[in-house]
Each structure stands twice: as structure tokens, then as C-alpha cells.
Number of protein chains: 2
Amino acid sequence: MLDKAASILDCYRPDGGSFRLTELSARTSLPKTTVFRLCADLVRLGLLEREADTYRLGGKLFELGSLVPRRHDLREAALPFLQDLFEATRETVHLGVREGREVVYVERIHGHDVLPLPSRIGGRLPLTCTGVGKALLAFSDAELTEQVLAGPLASLTPYSITDPVRLRTAIEQAQVSGLAYEEQEAALGVSCIAAPVFDGQVAVAALSVAVPRVRFRPAQLAPAVRTAALGLSRLLRSGR
Amino acid sequence: MLDKAASILDCYRPDGGSFRLTELSARTSLPKTTVFRLCADLVRLGLLEREADTYRLGGKLFELGSLVPRRHDLREAALPFLQDLFEATRETVHLGVREGREVVYVERIHGHDVLPLPSRIGGRLPLTCTGVGKALLAFSDAELTEQVLAGPLASLTPYSITDPVRLRTAIEQAQVSGLAYEEQEAALGVSCIAAPVFDGQVAVAALSVAVPRVRFRPAQLAPAVRTAALGLSRLLRSGR
DNA sequence: AAATATGTTCCGTGACACGGAACAGAGCTG
DNA sequence: CAGCTCTGTTCCGTGTCACGGAACATATTT
């Protein structure tokens with residue numbers, strides 16, 4: 001029964017939004033009656049909200065989600081460094097962690113001009129299509145990296161790297177330089193430079209700067225990204 | 001059964017943390033056996049995580065919570081203005097909304113020096129003890145404000161206002177000036193200035209700057225806070 | 001060795017979740 | 001306007017599976 005309720009909530013990943021009863025019933029392949037009853041319960045508990053025949057995620061989920069310790073702590077530690085990075089570059093800054101074959105974005109800060117990016121806080125993207133993802137891959141367990149390279153490679157734009165050989169080269173370059181690059185592989189017109197954040201030997205997160213392709217100057221961004229990632233890594237090491 | 005599972009999750013509000021089986025059993029006043037089984041289910045579903053006999057909120061909650069539409073949209077719209085405010089003041093900046101008799105903090109940004117504040121993103125504090133809360137009270141439905149004034153007034157420090165008369169005066173001042181002040185009412189040594197964010201006539205949120213008492217200069221902060229709140233209000237009005 | 005914590009397994013009972021069938025509207029279509 | 005087809009909703013009999021007391025396993029304290 002919990003399973004059924006959870007599968008309803010799962011309909012909202014990874015993009016949020018709002019659904020009607022029938023849609024939920026179809027997506028979960030549960031009988032309409034069952035979904036109806038469960039949604040009513042979930043609304044009563046504050047996990048869903050209802051507005052005229054459509055259901056959205058509820059405020060209590062926001063509260064609970066913000067309190068998830070590992071994410072909250074990482075965010076809290078990282079925020080000042082992301083802040084520094086944003087001020088140094090004035091561009092959109094991301095912080096993400098690995099979850100399976102995907103990146104989960106933990107934080108994202110930006111100014112008034114918003115890039116047309118598919119990344120959302122709490123959202124997921126394929127590791128292989130993003131700067132953050134490549135930085136994580138480059139400094140993760142080698143076995144996992146091989147698994148990802150062996151599997152089918154997702155593609156978000158025509159520039160997404162779907163050739164495992166090219167991808168391996170990119171990852172090796174990142175391992176050497178400590179920086180991962182991404183050019184229009186996640187969104188057209190947007191390039192990105194990323195660096196891993198270490199807690200000890202393994203990368204526990206990565207941060208990146210996303211920039212409109214037309215004014216992407218990697219050489220100018222690299223030092224700031226390095227500094228931020230290094231500062232955060234040092235803090236994590238000292239803090240535990 | 002959902003109710004029971006939800007009451008387990010509710011143990012983690014408003015402060016997160018991690019609990020042992022017995023603690024959860026006590027807090028929910030459910031039999032240990034039942035909690036055991038439910039926690040196992042919740043872990044399986046990713047809503048809790050287990051580490052050596054203690055349970056914490058799970059990663060899936062983070063994902064879902066970040067996707068809650070109303071909060072997400074507000075945060076997204078507000079972030080650039082909070083950013084401006086932070087850069088103008090270099091102090092800790094908050095964004096909060098009203099939920100019952102409490103503030104729920106939606107966003108908080110700060111630099112490397114972290115104030116000893118009880119506020120957390122997703123956390124709740126009494127409306128009456130915080131700058132954000134007073135700004136919300138001053139520009140909310142009058143009936144609700146009266147209800148809050150009539151009820152018992154919470155107290156977080158010796159400076160928290162527990163006298164309804166004094167509190168009403170403070171709210172009226174905020175209504176006149178468009179700014180709410182708070183001095184060590186939420187945390188010792190921290191003062192705060194806040195402004196409401198309007199979506200039309202009613203305040204849907206409020207933002208604030210919290211400053212160590214020793215260098216609190218309201219006159220210098222006020223323009224930046226006003227500008228940010230006004231800018232965000234304008235954006236919300238135009239965006240809908 | 002006894003006492004008191006913890007988490008965990010077992011299992012019989014009965015409450016209550018389940019979901020098919022039927023109903024109630026709203027919005028089209030012929 | 002009847003007839004069809006979508007919505008969401010109520011009803012209710014069936015049987016499943018959540019419930020929680022009792023017993024157990026293990027660690028720590030007395």
C-alpha cells in the first residue's frame with residue numbers, strides 16, 4: 001500500500017508538474033478508484049495538494065526534502081563557495097551529486113538572466129551529458145565509470161557524446177586536468193566547465209559554471225572553478 | 001497505514017536529524033514492531049535511509065521536495081533578487097512564506113561566515129519571533145493576524161516579544177514603513193530587517209537580511225531590502 | 001549472572017485497503 | 001436532445017496484508 005502511494009509520488013519525478021486523476025492512474029497502472037483514494041489520503045497528509053481536479057506535490061514534501069541531512073549539509077557547506085564562484089563569473093553555477101547513472105542537482109544559483117537549461121534543483125540528468133556528470137565520472141569508482149561507458153549513452157542534443165570512445169577520451173582529459181568541459185551537450189547554445197569536489201579520495205560532488213556558448217572563455221573561468229572546488233574539498237576534509 | 005508512515009516522517013520536522021528505532025517508536029507512540037516494518041518499507045522506497053540502527057530522511061524526499069511547484073517557482077523567481085540583496089549587504093539573506101502560525105523558510109543565502117541562526121531552509125519558526133514573520137503578519141489577512149495576536153506568543157530568546165500590545169505596535173509600524181524589524185528575538189546577537197513580497201494585494205512571501213547585532217545599521221540596509229522586495233513583487237505581478 | 005537496553009522474527013487475527021460495478025456530471029457529436 | 005465519452009466519485013463485498021503482542025537475539029550495564 002505504501003508502494004502504491006510511493007509510485008504515485010514517483011510520477012512527479014524528475015520534472016514536477018501537476019497531473020489529473022486519470023493521468024496518474026495511467027502512469028501508475030493502478031485502478032482509478034485506488035488512485036482516487038490514495039490521492040485523497042496523500043492530500044490529507046500534505047504530501048499532495050489538489051487544485052480543481054489536478055494534483056501537485058505538497059508543501060510537506062518541500063519541508064521534508066529540505067531537511068534531508070546529506071543534501072542539506074552539502075548544500076550548506078557549498079553555498080559560500082558557489083556564491084564566490086557566481087560573483088567571480090556572474091554566470092549560472094551548479095552543484096550536483098551522483099545517483100546511479102545520473103546527476104542530481106543539489107543547488108543552482110544564477111542572476112537575472114536565466115539560461116535555457118534542463119537542470120533543476122532536485123532534477124536528474126544523464127551523467128554523460130553534463131559537465132558536472134563528467135567531472136563525477138572522472139573521479140568516481142572506476143568500475144562504475146566502465147559500467148556507464150558500456151551502457152547506452154543518452155543524448156539531450158545533437159552535440160551529446162554518444163560514442164563511448166570519444167567519451168572515454170573526454171573523461172581521461174578531465175582526470176589529467178582536474179576539469180571537465182561540456183559544449184552544448186545538455187542544451188543548445190550553452191557550454192560548461194566543471195570541477196570535482198573531494199571528500200577524501202573520491203568525488204562526492206561536482207560544481208560547474210554554465211555559460212552561453214558565444215561568450216564561453218574556459219581559460220578565464222578555470223581558475224575560479226578550481227578555487228571553489230578546492231576550497232569546498234578542503235572544508236569537507238577538515239569538517240569530518 | 002499511510003497515516004502511520006507519515007507520522008514517522010513527521011518526526012523529522014522541523015529539524016531533520018537522525019533517529020533510532022526506539023526513538024521513532026516513542027515519538028509516534030506506535031509499537032516498535034510496527035515502526036520497524038514501516039521503516040523497512042520506507043527505506044526500500046528511498047524515503048528513509050538507514051545507517052547502523054539510525055534512520056534519516058532519504059534522497060528521494062530531497063528530489064520530490066525540490067520539485068514542489070509553488071515553492072520551486074517562488075525560489076526560482078526570487079533567487080536573483082536575493083542574490084542582489086546579498087551582494088549589496090554581504091549579510092545572510094532569507095526568503096520565507098507563511099504556513100499557519102509559522103514561517104517556512106524557502107531560501108537562505110550567506111557567505112563564509114555563518115550566523116548562529118535557528119532558521120533552516122524548509123524549517124519553521126513562529127511568525128512572531130522573526131522579521132520575515134512580522135513582515136508577513138503586517139500584510140496578511142487581518143483576521144489571521146488577530147488570531148495570532150490572540151493566541152499564546154512563542155518565545156525563542158528573552159528578547160522575543162510576548163506582549164500582544166507591543167507586538168501589535170510593531171506590526172502597525174511595519175504596515176506604515178513597509179519594513180519589519182527584529183532585534184535578537186529569534187537568536188541572541190542577531191538583528192534583522194525584513195520586507196514583504198506582494199503578488200497583487202497580499203504578501204505571499206517576505207525577505208530579510210540578518211546581521212550580527214553589533215554591526216546592525218538599519219538605515220543602510222533598508223534601501224537594498226526595499227529594492228529587492230519591490231523588484232520581486234513586480235516580477236510576480238507581471239509574470240501571471 | 002541477572003537486568004535492561006537495543007533491534008529482529010514469528011504468526012494468528014481482523015481491520016481495512018482493494019478495485020469492479022454503478023453513478024454523476026461536463027463536454028462533444030451526430 | 002438523445003447518445004456517446006470523457007471526467008471524478010460513491011458503494012460495498014472480498015480477501016489480503018498490515019497489525020502488534022510475544023518471544024528471541026545480541027550488546028551493554030549492574
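Computed from a prediction, not measured in an experiment: that's the story for all the values here. A, B, ... follow the sequence lines: proteins, then strands. Residue 1 opens every chain.
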Please identify which of these residues, A:Leu149, A:Val148, A:Asp141, meets the side chain to side chain contact (heavy atoms under 4.5 Å, CB included) condition with A:Thr145. A:Leu149

Check the interface with nucleotides 27-30 of chain D: list each N/O to N/O pair with the protein under 3.5 Å, or write none.
none

A:Arg20: salt bridge (Lys or Arg N to Asp or Glu O under 4.0 Å) partners, not counting sequence neighbours: A:Asp53

Are any protein N/O atoms closer than 3.5 Å to N/O atoms in nucleotides 3-6 of chain C? If there are, list each pair with its distance.
{"unit_1": "C:dT6", "atom_1": "O5'", "unit_2": "B:Thr22", "atom_2": "OG1", "d": "3.2"}
{"unit_1": "C:dT6", "atom_1": "O3'", "unit_2": "B:Arg20", "atom_2": "NH2", "d": "3.3"}

Heavy atom of residues 39-49 of chain A under 4.0 Å from DNA chain D: which residues? none

Applying salt bridge (Lys or Arg N to Asp or Glu O under 4.0 Å) to B:Asp10 and not counting sequence neighbours gives A:Lys60, B:Arg13

Rounded to whole Å, please give me the gap between CZ in B:Phe36 and P in D:dA25. 15 Å

Name the one of A:Arg71, A:Arg75, A:Arg120 that satisfies salt bridge (charged side-chain N to carboxylate O under 4.0 Å, His left out) with A:Glu107? A:Arg75

Ignoring hydrogens and angles, tell me if any N or O in the side chain of A:Ser160 forms a donor-acceptor pair with the backbone of A:Ser155 under 3.5 Å. no

Indicate yes or no for a side-chain donor-acceptor contact from B:Ser25 to the backbone of B:Leu21 under 3.5 Å, with no hydrogens or angles considered. no

Sequence neighbours excluded, the answer for salt bridge (Lys or Arg N to Asp or Glu O under 4.0 Å) partners of A:Arg124 is A:Glu99, A:Glu102, B:Glu63

Locate the shortest heavy-atom distance separating B:Gly100 from B:Leu144; write the atom from each residue and the value. O-CD1, 4.4 Å

Side-chain donor or acceptor of A:Arg50 paired with backbone N/O of A:Val43 under 3.5 Å: no

Can any side-chain N or O of A:Ser29 pair as donor or acceptor with the backbone N or O of A:Ala26 at less than 3.5 Å? no

A:Tyr159: ring pair (Phe, Tyr, Trp, His ring centres under 6.0 Å) partners, not counting sequence neighbours: none

Does A:Gln184 use its side chain to pair, donor to acceptor, with the backbone of A:Gly189 at less than 3.5 Å? yes

Side chain to side chain donor-acceptor pair (under 3.5 Å) partners of A:Gln175, counting only residues at least two apart: none

Each nucleotide N or O in nucleotides 19-22 of chain D that has a protein N or O under 3.5 Å away: list the pair and distance.
{"unit_1": "D:dC19", "atom_1": "OP1", "unit_2": "B:Lys4", "atom_2": "NZ", "d": "3.2"}
{"unit_1": "D:dC19", "atom_1": "OP2", "unit_2": "B:Arg37", "atom_2": "NH1", "d": "2.7"}
{"unit_1": "D:dC19", "atom_1": "OP2", "unit_2": "B:Arg37", "atom_2": "NH2", "d": "3.4"}
{"unit_1": "D:dG20", "atom_1": "OP2", "unit_2": "B:Thr34", "atom_2": "OG1", "d": "2.8"}
{"unit_1": "D:dG21", "atom_1": "O6", "unit_2": "B:Thr33", "atom_2": "OG1", "d": "3.4"}

Can you check the A:Phe19 CZ to D:dT7 C1' distance for me, whole Å? 17 Å

Going by salt bridge (Lys or Arg N to Asp or Glu O under 4.0 Å), name the residues that satisfy it together with B:Glu51, two or more places apart in sequence or in a different chain. B:Arg56

B:Arg44: side chain to side chain donor-acceptor pair (under 3.5 Å) partners, not counting sequence neighbours: A:Asp3, B:Asp41

Using the C1' atoms of the five pairs at each end, what is the angle between the end axes of the helix from C:dA1-D:dT30 to C:dG30-D:dC1, to 10°? 20°

